[in-house]
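To start, the structure under review is shown below, and the notes come after it.
First listed ligand is number 1; within each ligand, the first listed atom is number 1.
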Amino acid sequence: MSKQQTFQWTEMTMGTCYYPEQWDESLWERDLDRMLEAGISVIRIGEFAWSKFEPTEGTFTFAFFDRFLDLAQQKGMKVIFGTPTATPPAWLTERYPEVLNARKDGVLYRHGGRRHYNYNSPKYRELCSRIVEQIAAHIGAHPAIVGWQIDNELNCEVNEFYSAADDEAFRAFVREKYRTLETLNDSWGTAFWNQTYTSWEEVHLPRTLPGEQENPHQMLDYYRFISDSVTGFCQMQATILRKYIPEGVFITTNGRFGHMDNHKMQRDSLDVYTYDSYPSFAFGLDRDPLHAQDLNDRRWSSHLNEVRSICPHFGVMEQQSGANGWTTRMEGPAPRPGQLTLWAMQSVAHGADYISFFRWRTATRGTEIYWHGILDYDNRDNRKLEEVKRFHRQLQALQPLCGSRYAAQFAVLKDYDNEWDAEVDSWHRRLTWQSEPEIFAASELYHTPYDVVYLQETTTEEELSAYPVLIYPHPVIMDEGRAALLEAYVKQGGTLILGCRAGYKNPQGHCVMLPQPGLLQPLTGTDIHDFTFTSPAEEPTWAEWNGNRLDTPLFNDILTPLEGTNVLARYQNSYYQGEAALTERPVGNGRVLHFGAAFCRESVRQLLDYVGVLEPYRQIVDAPKELELVVRETKEKRYLFLLNYQPGPVSFTLKQEAVSLFTGEKLSAGTHTLPAYGVTVCEI
Ligand code: GAL
């Protein structure tokens, strides 16, 4: 098992999300029977039901969930139980308003929704510890329970915190980090605009300022603080649960949300990570072409790539089964016949061994009456239930894939310093928002699967050297540890591709007074004397690479090669025409390519081709761009997924025989057609 996870499913498993407290008890038994008939063997329950356990302060009642769990056990249904801390009871927030989160202007979020609490109030931590302890002590050993979900979607809905408790905790966080005000003043660059702090009482969370004037160094620490708060809150619950749960019962939570180090949370607190996948977020009814997003629902695969970096064999706790919508926002089409399966298979292709559909039946009350589940309000069998049953049969046919790994040809490097800096710094953000989706698009359209790797304190050279090629698109922030790791990777034979704006900041977000790319200069063998956003008043810049056009969008570092560095491509226009746009430097057994611009799908295709990893399966299958191609593999076997996101049939050509896992039939070499939203999986 990988070191990131301590639990792995041993069978491909199908589940659903169920809310016993939202339905008349007379429905429970029939619901469970119908789920089991459909192939659902696990349900997640409990995550919003605090009041069922503690209806008034300090009074604990267990009869309700005891009845339900005993029934589940009797039926043979397994349960993932959610700790209910995402929705504190009304009595709690009324009596202890200090547990509430606040807007930046100080107005408190009130009871009536969810996730309106803060992680730092000592009172909330005390009451959460108590309810988790009470629940775990009472049902922790229940034989129906196979896993626990901590809270629900930590940092969803809101991922900024401005309560008095957070203010105090932030002060303590930076005090612990910097020890002296002198160091804090230096780190936050407070000599700028007379921000110098003279006592700790003057230090606060970011507060309301005229215009958008936030101190970027303080903001970086603020996001680190939020991450620390949420991961600590999760760990507090995990520690309690571990006292009561038997061996083999796992702890998870469902992500993935902003301003938190998901990798640290996984390492510190979880056995396995789960994700909530709603691909139709990509195409609501917003027909404004300016907002129409490229690749639509297929883009969800980029999220799954990220999830896999946290936990290679993850589960999907909530997999879309109907149209998405709330009464207050979001309208979306119902999944077309086949599309529910397509989206679930998208998750499986990317590494999920557990698929749990959200939700068994659509709520008939509350904000989410349009967030449709498998069954509709009328509770009759319908086409979605039929499709879930069919999906289950297909999932059964994929049992040999359980535990197999996603086969990546290269990795995209990321890290939380740069992720958060890109939120704080709009120049950095422009680059990230351009390059990351374009690398994903190139990988999808040119059938070259990749992994995401987050550089963390624990990352080793060995993890990196699993990939022949790494793209670190814009490592604006660089430190010595990461630079040394990259150097070790390259020296052992790896190919590192860097984009523009590398290495000009330190971890505090200060610009370093070094020739760019700063600490990376020994690797790139380039110097940058001049750099600029491309001008909207000029034609788009481009470079010539072996007689071909290489687009150099958005930002251009004008590269000067140092000795031993080769120029591959030169800019063809603007005032730096003739200067280097792309260089290559041999380092040890490997090489570093330095590209002076942001990435677009075509330049990524050219780069992947040049470094020899483009379209690794072209000898086996000729698939058009419309299809997503994914391979999962074990030591002995390779399984090819082709997924059709189009509303009509799409053909592909097999260049060799393959065996379909769904039908067991041999697929001959030659042309085959996938129907609208169709998926095929075959052994190759
Ligand atoms: C998820 C959440 C569920 C449900 C669903 C629909 O984000 O975990 O509880 O709210 O979205 O909104």
Side-chain angles (χ1 to χ4, degrees), residues 15-23 42-52 79-88 109 111-117 147-159 230 233-234 237 251-260 262 265 270 272-285 297 300 303-304 306-307 314-335 340 343-344 347 352 354-377 384:
T16 193
C17 303
Y18 190 59
Y19 297 92
E21 70 280 13
Q22 293 178 15
W23 305 106
V42 182
I43 52 177
R44 184 207 50 193
I45 63 170
E47 80 276 15
F48 299 124
W50 188 325
S51 297
K52 284 284 173 207
V79 172
I80 298 170
F81 209 94
T83 67
T85 51
T87 46
Y109 294 116
H111 187 83
R114 63 175 175 182
R115 305 214 56 74
H116 43 298
Y117 70 87
W148 288 79
Q149 174 186 298
I150 291 177
D151 200 286
N152 186 72
E153 297 192 330
L154 292 160
N155 272 14
C156 177
E157 317 280 0
V158 56
N159 59 20
V230 53
F233 182 75
C234 181
Q237 297 201 27
I251 297 179
T252 187
T253 190
N254 51 344
R256 188 187 60 97
F257 298 91
H259 303 165
M260 60 188 292
N262 284 283
M265 179 172 70
L270 310 178
V272 64
Y273 193 86
T274 54
Y275 175 65
D276 295 345
S277 191
Y278 292 104
S280 85
F281 265 133
F283 52 50
L285 294 184
D297 47 340
W300 245 239
H303 302 304
L304 296 163
E306 299 260 353
V307 172
F314 57 93
V316 173
M317 190 62 86
E318 300 180 16
Q319 177 71 53
Q320 180 168 357
S321 65
N324 291 350
W326 283 13
T327 50
T328 47
R329 58 186 161 112
M330 299 182 283
E331 310 90 25
L340 177 160
W343 290 335
S347 298
Y354 175 62
I355 299 290
S356 167
F357 289 103
F358 188 87
R359 44 189 275 167
W360 172 243
R361 185 169 43 240
T362 315
T364 56
R365 301 163 194 199
T367 314
E368 291 191 356
I369 57 174
Y370 301 125
W371 204 277
H372 294 80
I374 301 170
L375 299 182
D376 294 318
Y377 319 119
K384 291 179 286 181

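Ring geometry, Tyr377 versus His372: the interplanar angle falls from 30° to 60°, so the pair is classed tilted.
The two residues Asn152 and Arg44 make their nearest non-hydrogen contact at OD1-NH1, 3.4 Å.
Looking only at protein heavy atoms, the nearest one to atom 10 (O) of ligand 1 is Glu368 OE2, 2.3 Å. In terms of protein heavy-atom proximity, atom 7 (O) of ligand 1 is nearest to Glu153 OE1, 2.4 Å. Nearest non-hydrogen protein atom to atom 9 (O) of ligand 1 is Arg114 NH1, 2.9 Å.
In this model, no donor atom of one side chain and acceptor atom of the other lie less than 3.5 Å apart for Gln149 and Thr274. A donor-acceptor pair shorter than 3.5 Å cannot be found between the side chains of Tyr370 and Glu331.
With distances taken over non-hydrogen atoms, the option nearest atom 8 (O) of ligand 1 out of Arg329, Arg359, Glu318 is Glu318.
The shortest N or O to N or O distance between Glu47 and ligand 1 is not below 3.5 Å.
Neither the backbone nor the side chain of Asn324 has a heavy atom within less than 4.0 Å of ligand 1.
Near Phe48, meaning under 4.0 Å from one of its heavy atoms, ligand 1 places the atoms 9 (O). Of all atoms in ligand 1, listed by their number and element, those nearer than 4.0 Å to a heavy atom of Asp276 are 8 (O). Numbered from 1 in the order shown, with element, the atoms of ligand 1 that lie under 4.0 Å from a heavy atom of Asn152 read 2 (C), 8 (O), 9 (O).
Two residues are said to be in side-chain contact when any heavy atoms from C-beta on lie closer than 4.5 Å; Arg256 and Tyr273 meet this criterion. In this structure the side chain of Ser277 never reaches within 4.5 angstrom of the side chain of Ile355, judged on heavy atoms.
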Kindly indicate, with the supporting measurements, whether the criterion salt bridge (Lys or Arg N to Asp or Glu O under 4.0 Å) is fulfilled by Glu47 and Arg359.
-> CA-CA 13 Å; Glu47 80 276 15; Arg359 44 189 275 167; over 6 Å; no
